[in-house]
Amino acid sequence: KVVPGDPRPGLIEAAKHATMLVVGGRGEGGFAGLLLGSVAHGVVGRADCPVVVVQGEPSERTNQVAVGVDNSEPSVVALERAFTEAAARNAGLRAIYAWPRGTSAEGIYGLRLDESEARNQLSDTVAPVAERYPTVKVVEEVAEGHPVGVLVGASAGADLLVVGRRGRGGFASLLLGSVSRGVLHHAHCPVMVVPA
């Protein structure tokens, strides 16, 4: 379908009846220095379905889906979708909880957990979903560092990185959280942003 004018409203409308919307990270317009184009940025925070943003040339397949988990409701929804994608691709799943440097996650998530509690929460979040996908091999990882850096690093070894549209931090009025925005700009593989 050819839609005249700004493509964003047409894509957002089409996404109301879609399982997934796929867009390129950058199109023909705009500024060459931008990492994420205006169309991708304009639809990823507003579409009713998951949006996959594809940047650059396809790389060699790794047969792995990575997902960011922070125990928020949006990340649990993203985890569900990541399992669905891994099962459909006959791929492994890497569930990643980013652990900020220092002894407390309070600065990023508003929580005070030690590392073993973070590992327990990750396992408690993953386990009930994993039971429904017995064929998907899951690796749980608590990694030290800021969530954007950790997930961008994980994207180098994945065919797809899945994140929730918004996580624990930030302001409820924002359409796109800082972690999802950061990985969209820097990931080495396609990124699926899942609305809650």
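Keep in mind it's a predicted model, so treat the numbers as computed, not measured.
- Screening Arg81, Arg89, Arg94 for a side chain to side chain contact (heavy atoms under 4.5 Å, CB included) with Val65, the sole residue that qualifies is Arg89.
- For the pair Asp159 and Arg61, the salt-bridge criterion is met [side-chain N within less than 4.0 Å of a carboxylate O].
- Val162 and Val76 are members of different hydrophobic clusters when ILVMFWY side chains are connected at heavy-atom separations under 4.5 Å.
- Of all heavy-atom pairs spanning Gly68 and Ser75, the tightest one is O-CB, 3.8 Å.
- Considering CG of Leu161 and CD of Gln64, their distance stands at 10.5 Å, rounded to 0.5 Å.
- In plain terms, the two heavy atoms of Val51 and Ala47 that are nearest each other are CG2-CB, 3.5 Å.
- Between Asp70 atom CG and Leu79 atom CG the span is 11.0 Å, to the nearest 0.5 Å.
- Hydrophobic clustering (side-chain heavy atoms under 4.5 Å, transitive across Ile, Leu, Val, Met, Phe, Trp, Tyr) groups Val77 together with Met20.
- No more than 12 heavy atoms of other residues, nucleotides or ligands shown are found within 6.0 angstrom of CG on Asn90.
- A donor-acceptor pair under 3.5 Å is absent between the side-chain atoms of Gln55 and the main chain of His185, judged by distance alone.
- The aromatic rings of Phe83 and Tyr133 lie parallel to each other, their planes meeting at an angle below 30°, with 60° marking the opposite boundary.
- Here the closest non-hydrogen pair linking Ala82 and Leu93 is CB-CD1, 3.7 Å.
- Here the straight-line distance linking atom CD of Glu140 with atom CG of Leu122 works out to 4.5 Å at 0.5 Å rounding.
- If you take NE2 on His186 and CZ on Arg181, they are separated by 11.0 Å, rounding to the nearest 0.5 Å.
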Q.
For a side-chain contact (heavy atoms from CB on, under 4.5 Å) check, start with the C-alpha distance between Val129 and Arg132, then their side-chain angles and the critical distance, and finish with the verdict.
A. CA-CA 6 Å; Val129 184; Arg132 296 193 298 276; 3.9 Å; yes
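- Using a 4.5 Å cut-off on side-chain heavy atoms (C-beta onward), His188 and Ser155 make contact.
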Q | Test side-chain contact (heavy atoms from CB on, under 4.5 Å) applied to Val53 and Val193, step by step | A | CA-CA 8 Å; Val53 178; Val193 179; 5.6 Å; no
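- Contact record, Val52 with Pro190: CG1-CB, 4.0 Å, taken as the closest heavy-atom pair.
- Listed here is the closest heavy atom pair of Gly164 and Ala78: N-CB, 3.5 Å.
- For Ala95 against Val126, the heavy-atom pair with the smallest separation is CB-CG2, 3.9 Å.
- If you chain together hydrophobic residues whose side chains sit under 4.5 Å apart, Val67 and Val22 fall into the same group.
- To the nearest 0.5 Å, the span separating CG on Asn120 from CD on Glu115 amounts to 11.0 Å.
- The line from OG of Ser180 to CE of Met192 is 14.0 Å long, rounded to the nearest 0.5 Å.
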